Number of protein chains: 2
Amino acid sequence: MKQDRHVSPSVINRLPRYYRFLRDLLGRGVTRISSKELAELMNVTASQIRQDLNCFGGFGQQGYGYNVELLHKEIGSILGVDRLTPAVLIGAGNLGKTLANQVNLSTRGFRLIGAFDKSPAIIGTDLVGLTVQNIDSLEAFCRRYNPKAAIICIPKEAAAAMAGDLISWGIVGFWNFSSYDFTQNHQGVTAVNVHLGDSVMTLSYLIKHMDGFQEEAETEDDA
Amino acid sequence: MKQDRHVSPSVINRLPRYYRFLRDLLGRGVTRISSKELAELMNVTASQIRQDLNCFGGFGQQGYGYNVELLHKEIGSILGVDRLTPAVLIGAGNLGKTLANQVNLSTRGFRLIGAFDKSPAIIGTDLVGLTVQNIDSLEAFCRRYNPKAAIICIPKEAAAAMAGDLISWGIVGFWNFSSYDFTQNHQGVTAVNVHLGDSVMTLSYLIKHMDGFQEEAETEDDA
DNA sequence: TAGATTGTTAATCGATTAACAATC
DNA sequence: TAGATTGTTAATCGATTAACAATC
């Protein structure tokens with residue numbers, strides 16, 4: 001039990017990987033795992049796993065191993081995952097895929113907890129470690145996991161039609177764009193520049209407890 | 001003079017940074033630099049610089065230091081920069097900026113050597129280490145540096161109007177898109193998926209010595 | 001209790017820094 | 001030649017792996 005003390009950057013950098021493997025194990029119903037088993041799975045040494053985890057305190061138990069759920073939760077809280085706004089991706093076509101793969105959502109304050117599409121060709125495929133689900137199961141998903149934002153990558157009209165549902169399900173803000181980038185405004189607030197047709201709109205950053213969704217007009221010309 | 005031998009990944013990973021600093025020095029007319037000066041500039045130790053550079057052979061000279069131009073060229077050839085297709089970015093607005101920042105062009109076989117825009121607000125700004133230039137200087141730039149591809153992020157009509165010029169200046173292929181992503185086709189060829197309106201087109205990868213530009217139709221629906 | 005597996009200390013390996021003789 | 005600065009060897013530092021006593 002060392003708790004705080006100085007933790008090396010190498011260890012910190014490995015935590016997200018542990019987190020992902022544990023999430024997968026959890027998803028497959030595994031309740032306990034030894035450093036040896038996890039090591040084989042992740043292709044590292046058991047020694048390293050024990051050393052790494054011990055930087056934060058004794059999560060394991062001699063003769064037993066590690067409790068997958070507990071460990072997942074602990075690493076999540078170390079990573080500050082609980083401070084990120086849980087979001088769903090609606091529409092996992094080319095645009096949604098590009099966005100999920102190219103944009104570091106966690107540095108933007110978001111954590112993707114689910115991805116949805118209506119196309120049978122896309123449902124069931126993998127997207128940054130999540131399995132794309134049928135859009136029909138979105139409502140049930142929302143009731144269970146309470147996402148607080150939706151990133152919408154489907155045609156504009158369909159998105160507009162969906163807005164009422166999303167808000168009533170407790171998703172308090174969403175984006176819909178055909179192209180995007182991020183900037184900081186003069187107050188250091190991160191904003192999304194949304195490309196719609198020939199103009200660029202800046203949607204103010206979506207905040208967790210915002211009720212209803214809010215647009216900050218401010219239209220400029222593209223280059 | 002060790003030449004080849006095993007070079008550690010840490011060293012390899014630092015090379016692009018050396019390359020960028022040397023390019024900047026070159027741009028500012030600096031012809032020679034000592035490991036000590038470069039170390040201060042880059043915020044590393046002089047020792048590390050000498051160790052790193054010596055993995056590839058003695059580029060320096062005792063009592064003198066390193067020849068900036070030679071070193072820049074050498075590191076470039078180690079990085080295989082000369083195997084990448086030199087490309088210009090035309091239009092450095094929101095979309096161009098996003099593309100240059102988010103997409104690793106070098107892994108796609110491209111190397112950005114210049115960026116151009118017509119907006120006075122954008123000209124002179126920095127874009128991944130390049131200064132955005134006035135679009136009026138594009139022709140002169142092409143004659144001097146011979147880019148072989150152009151990534152075009154300006155309105156469609158303007159791009160179409162430009163095509164003739166680009167081809168006559170020796171730029172043999174170009175892209176114009178409002179949104180993009182990359183995929184591998186069944187033959188392992190990298191392709192660009194171009195989002196134009198509601199459909200997705202796949203433009204075949206632009207090859208260095210391709211003459212004229214070539215479209216591979218293949219239109220699909222977006223999700 | 002006996003077996004398993006952790007937490008932790010010691011050994012190894014690699015990467016960074018310091019030092020200095022070689023040499024331009 | 002004298003001064004500067006490299007190339008390179010030796011010393012240090014940190015991270016990974018091995019080993020094993022502690023303990024569930």
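These numbers were taken from a predicted model, which means no experiment stands behind them. Numbers restart at 1 for each chain; the letters A, B, ... are given by sequence-line order, proteins then strands.
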Which nucleotide, in any strand shown, forms a Watson-Crick or G-U wobble pair with C:dC13, with both distances under 3.5 Å? D:dG14
Whichever of A:Gly63 and B:Tyr64 has the more 5' nearest nucleotide on DNA chain D, that residue is B:Tyr64
Would you say the side chain of A:Gln51 and the base of C:dT9 hold a donor-acceptor pair, judged only by whether the two atoms sit under 3.5 Å apart? yes
Under 3.5 Å for both donor-acceptor distances, Watson-Crick or wobble: does D:dC20 have a partner, and if so which one? C:dG7
Spacing between B:Asn67 atom CG and D:dT5 atom C1', to the nearest angstrom: 15 Å
note: A:Asn13, atom CG; D:dT16, atom P; distance rounded to Å ~ 10 Å
How long is the line joining NZ of B:Lys36 and P of D:dG7, in whole Å? 17 Å
Report the distance from atom CZ of B:Phe56 to atom P of D:dT8, rounded to the nearest whole Å. 14 Å
Selected nucleotide, minimal atom distance to A:Gln48 side chain, candidates D:dT17, C:dT6, D:dG7: D:dT17
Would you mind reading off the distance between A:Arg32 atom CZ and C:dT5 atom C1', rounded to a whole angstrom? 9 Å
Distance test, side-chain N/O of B:Thr45 to OP1/OP2 of C:dT16, below 4.0 Å: no
Any side-chain N or O of A:Tyr66 below 4.0 angstrom from OP1/OP2 of D:dC24? no
Test item: A:Ile78 and A:Tyr18 side chains (from C-beta on) under 4.5 Å apart, heavy atoms: no
Distance check needed: D:dG7 P versus B:Phe59 CZ, whole Å only. 9 Å
Answer yes or no: is there a donor N or O on one side and an acceptor on the other, between the side chain of B:Arg14 and the main chain of B:Gln48, under 3.5 Å? no
For A:Ser34, does its backbone N or O pair with a side-chain atom of A:Glu37 as donor and acceptor, under 3.5 Å? yes
A:Asn54 side chain, from C-beta outward: closest of D:dA15, C:dT5, C:dT8: C:dT8
Please check this pair: side chain of B:Arg32 against backbone of B:Gly65, looking for a donor-acceptor N/O pair closer than 3.5 Å. no
Atom pair distance, as rounded to whole Å: CG in B:Asp52 and C1' in C:dT16: 10 Å
Give the residues of residues 17-25 of chain B touching DNA chain D, defined as any heavy atom closer than 4.0 Å, sorted by residue number. none
Search all heavy atoms of B:Tyr66 against all heavy atoms of B:Leu71 and return the closest pair with its distance. CB-CD2, 3.9 Å
Under 3.5 Å, side chain of B:Arg23 to main-chain N/O of B:Gly129, donor-acceptor pair present? yes
Spacing of CZ belonging to A:Phe116 relative to SG belonging to A:Cys142, to within rounding of 0.5 Å: 6.5 Å
To the nearest angstrom, the CZ-P distance between A:Arg50 and C:dT9 comes to 14 Å
Look at the side chain of A:Ser47 and the base of D:dA18, then say whether one donor and one acceptor between them are separated by less than 3.5 Å. yes
